[in-house]
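Comments concern the structure below.
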2 protein chains.
Amino acid sequence: MKAPAAPHQPAFRRTRPDARRLALIEACARVLARAGAAGASVRAIAVEAGVSPGLVGHYFSGIEALVAATYAHVEGAVAETLDHAVAEAGPEPRARLDAFVTASFAPAIADPQLLATWIAFWSLVAARPAIAAQHDEQYSGSRARLEALLAACGVPAERQRRDAIAVSALVDGLWLELCLSPGCFSAEEAGDIARRFLDTLIS
Amino acid sequence: MKAPAAPHQPAFRRTRPDARRLALIEACARVLARAGAAGASVRAIAVEAGVSPGLVGHYFSGIEALVAATYAHVEGAVAETLDHAVAEAGPEPRARLDAFVTASFAPAIADPQLLATWIAFWSLVAARPAIAAQHDEQYSGSRARLEALLAACGVPAERQRRDAIAVSALVDGLWLELCLSPGCFSAEEAGDIARRFLDTLIS
DNA sequence: ATGCTTGTTGGACGATCGTACAACAACGCG
DNA sequence: CGCGTTGTTGTACGATCGTCCAACAAGCAT
């Protein structure tokens, strides 16, 4: 008794290359969040994405390139979230700056699972010059946005660079500690600390 | 023709357990500095320490326990270096605080190779509750030292906790970025930023 | 000197890793 | 409808991983 003339359900579907690439990146981010850098293997990511292990090598030269692409994607999503928070804050420059730091500690950003992507990426910076260059590029982009927010608040040009480095470092340090031990201090405290620091820069 | 009665050079030497344990920890730190978290395997560490691979399992329950012990040891050495710098600064409270942040960016501390130990440890925090607890303990110890330095500068008691969190975050953020991309800004700039922040806290 | 304790060795073991590759099939095009 | 392109599969491969353990030997006690 053969199966009736089923419409030959395809064993897999072809996808537009950029969509498949994005699916692999998102699967990588989920695996990193769940299992950490040590658990982010080609096979685990392929299972998460629902594809065969061999497909990873078809889109990325190796697991490191996939991690780098995942970092770039997640960092872009974070930047977009922050930009959105800034835009919602209205036109007042100081309110926009406050919105930036406040959003930096919101649950969606200060997320221990998100930190796993950063750690996996950082672990490659020292050994891979190309990844170090990518980090420099993304860091300078993030700092440039911060400089613009500071400039709008009247920070003189000759201090913008240094103040942006300072704010970035303070926010990143608070963010890191908030991810590593969420019970030590609250997101509200972190926001208060950062906003008070902005007071001293702008005053 | 047998070999002459050589004094039977021992194939290995027994060592006091704590000394051997320390040797393994220091070997782990060197491997982490050279090869990163991904290259810190039991075998690589054993070769670095000049012992057999099996000995690692004899002193540590696993590679994660060795990494945790290595972090504790390196963190202790860093704290000792900073304490030494503070002690050399003399009795003046503000000078001691300045010495603390300045030493935090000295080449021996803001070292990309040192960051590898931190990253390897951080990558375990999310998944291992015991390691998260160790991180909380070492962080609160570091913050307590900072609170004492701030208190000596006249920071009122009700602000000591928050200001210590702030200084710690700023210094850590600068330190992290200094390690990740040493060419972006200098240790002197980082020290200037941190000391200027202290001005606003103490004033 | 002799025996005992135990630090130490070195390899075996199964699991898992990243990568490569030949075969297959889904889909666009003629 | 048939053909060619190529996204996709599944597996094989060698390397390396962490762990385990029986045997060995260094050093201490007697």
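Per chain, numbering begins at 1; letters A, B, ... match sequence-line order.
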For [X] and [N], is the shortest distance between a side-chain N/O and OP1 or OP2 below 4.0 Å?
{"X": "B:S41", "N": "D:dT16", "answer": "no"}
{"X": "B:H58", "N": "C:dT8", "answer": "no"}
{"X": "B:S61", "N": "D:dG18", "answer": "no"}
{"X": "A:S52", "N": "C:dC24", "answer": "no"}
{"X": "B:R43", "N": "D:dT16", "answer": "no"}
{"X": "B:Y59", "N": "C:dT8", "answer": "yes"}

Whole-Å distance between [N] [atom2] and [X] [atom1]?
{"X": "B:L55", "N": "C:dT6", "atom1": "CG", "atom2": "C1'", "value": "12 Å"}
{"X": "B:R21", "N": "C:dG7", "atom1": "CZ", "atom2": "P", "value": "13 Å"}
{"X": "B:R20", "N": "C:dT9", "atom1": "CZ", "atom2": "C1'", "value": "11 Å"}
{"X": "B:E64", "N": "D:dG18", "atom1": "CD", "atom2": "P", "value": "10 Å"}
{"X": "A:I45", "N": "C:dC17", "atom1": "CD1", "atom2": "C1'", "value": "12 Å"}
{"X": "B:R16", "N": "D:dC28", "atom1": "CZ", "atom2": "C1'", "value": "15 Å"}

Run the salt bridge (charged side-chain N to carboxylate O under 4.0 Å, His left out) test on B:E189 and A:R161 for me, step by step, so that the C-alpha distance in whole Å, both residues' side-chain angles and the decisive distance to 0.1 Å come before the verdict. CA-CA 11 Å; B:E189 271 184 298; A:R161 171 188 139 87; 2.7 Å; yes

Classify the angle between the aromatic ring planes of B:Y71 and B:F121 as parallel (below 30°), tilted (30 to 60°) or perpendicular (above 60°).
parallel

Nearest heavy-atom contact between B:V31 and B:G39 is CG1-O, 3.7 Å

Scanning both residues in full, the closest heavy-atom pair of A:L150 with A:Q160 reads CD1-O, 4.3 Å

By the 4.0 Å heavy-atom rule, please label [X] as base, sugar-phosphate, or nothing.
{"X": "A:G54", "answer": "base"}
{"X": "A:V56", "answer": "nothing"}
{"X": "B:I63", "answer": "sugar-phosphate"}

Each nucleotide N or O in nucleotides 3-5 of chain D that has a protein N or O under 3.5 Å away: list the pair and distance.
none

Here the side-chain hydrogen bond (donor to acceptor under 3.5 Å, both in side chains) pairs for residues 16-29 of chain A, sequence neighbours left out, are A:T15-A:R20, A:R16-A:D18

*Heavy-atom side-chain contact between B:E177 and B:S181 under 4.5 Å*: yes

Residue set satisfying salt bridge (charged side-chain N to carboxylate O under 4.0 Å, His left out) with A:E64, at least two apart, ordered chain then number -> A:R128

